[in-house]
Undergrad: 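I am attaching a structure below and will ask some questions about it afterwards.
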Amino acid sequence: MTTQEGGCLCGATRYRVRGQPTNTMICHCRTCRRATGSPVVAWLTFAKADFEVRTGTLAEFRSSPPVRRGFCGTCGTPLTYSHRESPDSIDVTTCSLDEPQAFPPTHHSWLSDDVGWVRFGDGLPEFQESRPS
Ligand SMILES: [Zn+2]
Ligand SMILES: [Zn+2]
């Protein structure tokens, strides 16, 4: 099984993921925007069993009652997203991977919150909220 490594800007927090993500998308939601100071955030979803922190410790912030966002406690790089209703999976920020080109996004989500001045032109499907499952 393939593995990919990733981590934060300062290098204190490093992680490893195994296998293929079950989802790969770009989120336009208001909360991701605030959590990162960026107009959109690309996310990958992995089985929790396939995610491992190798060095450092994830600091966590509860951005809403069911959601914990993980980041490097030293430099603040956003790294993970965990939802109480999906305890067996974890999202990682695509661009914290050492090779973010490994898992290109398949769609855009939460266009209903879009900031309005980023235009991708990538032809990927867009959804007003989460992609219907
Ligand atoms: Zn760091
Ligand atoms: Zn979001």
Side-chain angles (χ1 to χ4, degrees):
M1 192 179 275
T2 62
T3 64
Q4 295 281 340
E5 305 230 348
C8 66
L9 178 60
C10 80
T13 306
R14 297 282 302 165
Y15 68 84
R16 176 181 288 173
V17 289
R18 281 188 308 189
Q20 296 293 313
T22 58
N23 193 13
T24 169
M25 62 91 163
I26 296 176
C27 189
H28 296 238
C29 89
R30 192 183 315 273
T31 316
C32 286
R33 180 158 74 236
R34 269 287 162 85
T36 61
S38 176
V40 296
V41 182
W43 290 105
L44 305 169
T45 305
F46 287 92
K48 202 150 203 170
D50 291 331
F51 171 84
E52 177 189 7
V53 175
R54 306 276 293 166
T55 62
T57 311
L58 273 181
E60 289 191 312
F61 170 69
R62 195 173 291 273
S63 60
S64 67
V67 172
R68 286 176 293 124
R69 289 175 183 265
F71 58 94
C72 172
T74 302
C75 71
T77 300
L79 297 171
T80 64
Y81 172 105
S82 304
H83 197 290
R84 192 167 54 205
E85 287 173 13
S86 308
D88 297 331
S89 68
I90 188 165
D91 293 357
V92 303
T93 47
T94 306
C95 291
S96 65
L97 284 180
D98 296 342
E99 297 179 34
Q101 61 274 31
F103 304 119
T106 61
H107 62 283
H108 295 260
S109 287
W110 288 98
L111 268 292
S112 57
D113 276 358
D114 184 58
V115 71
W117 44 253
V118 175
R119 292 290 173 265
F120 283 85
D122 55 16
L124 294 176
E126 297 181 346
F127 299 95
Q128 288 303 304
E129 296 185 353
S130 293
R131 180 174 64 180
S133 51

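Each ligand, and each atom within it, is numbered from 1 in the order the structure gives. No hydrogens, no waters, no symmetry mates; every other heavy atom, side chains included, goes into these values. Numbers for residues simply follow the sequence, beginning at 1. All values derive from a computational prediction rather than experimental measurement.
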Undergrad: Answer yes if the ring centres of F127 and H108 are under 6.0 angstrom apart, and no otherwise.
TA: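 Judged by ring-centre distance (under 6.0 Å), F127 and H108 do not meet the cut-off.
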Undergrad: Classify the side-chain pair T45/Y81 by whether it contains a donor and acceptor separated by less than 3.5 Å.
TA: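 No - no donor-acceptor pair under 3.5 Å links their side chains.
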Undergrad: Tell me whether R54 is salt-bridged to E52, with the criterion being a basic N under 4.0 Å from an acidic carboxylate O.
TA: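 Result for this pair is yes, salt bridge flagged.
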Undergrad: Please list, chain by chain and in numerical order, all residues satisfying side chain to side chain contact (heavy atoms under 4.5 Å, CB included) with T3, sequence neighbours excluded.
TA: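 In terms of side chain to side chain contact (heavy atoms under 4.5 Å, CB included), with neighbours along the sequence ignored, T3 is linked to R16, R18.
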Undergrad: Would you check if the distance from the ring center of F61 to the ring center of F71 is below 6.0 Å?
TA: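 No, ring centres 6.0 Å or more apart.
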Undergrad: How many protein atoms of type N/O/S are positioned less than 2.8 Å from the Zn ion (ligand 2)?
TA: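 Near the Zn ion (ligand 2), the number of protein N, O or S atoms below 2.8 Å is 3.
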Undergrad: Using the Zn ion (ligand 1) as the apex, give the angle to atoms SG (C10) and SG (C8), rounded to 10 degrees.
TA: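 The angle at the Zn ion (ligand 1) comes to 110°, rounded to the nearest 10°.
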Undergrad: I'd like to know if E5 pairs up with R14 as an ion pair, taking the criterion as any Lys NZ or Arg NE/NH1/NH2 lying under 4.0 Å from an Asp or Glu carboxylate oxygen.
TA: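 So E5 pairs with R14 through a salt bridge.
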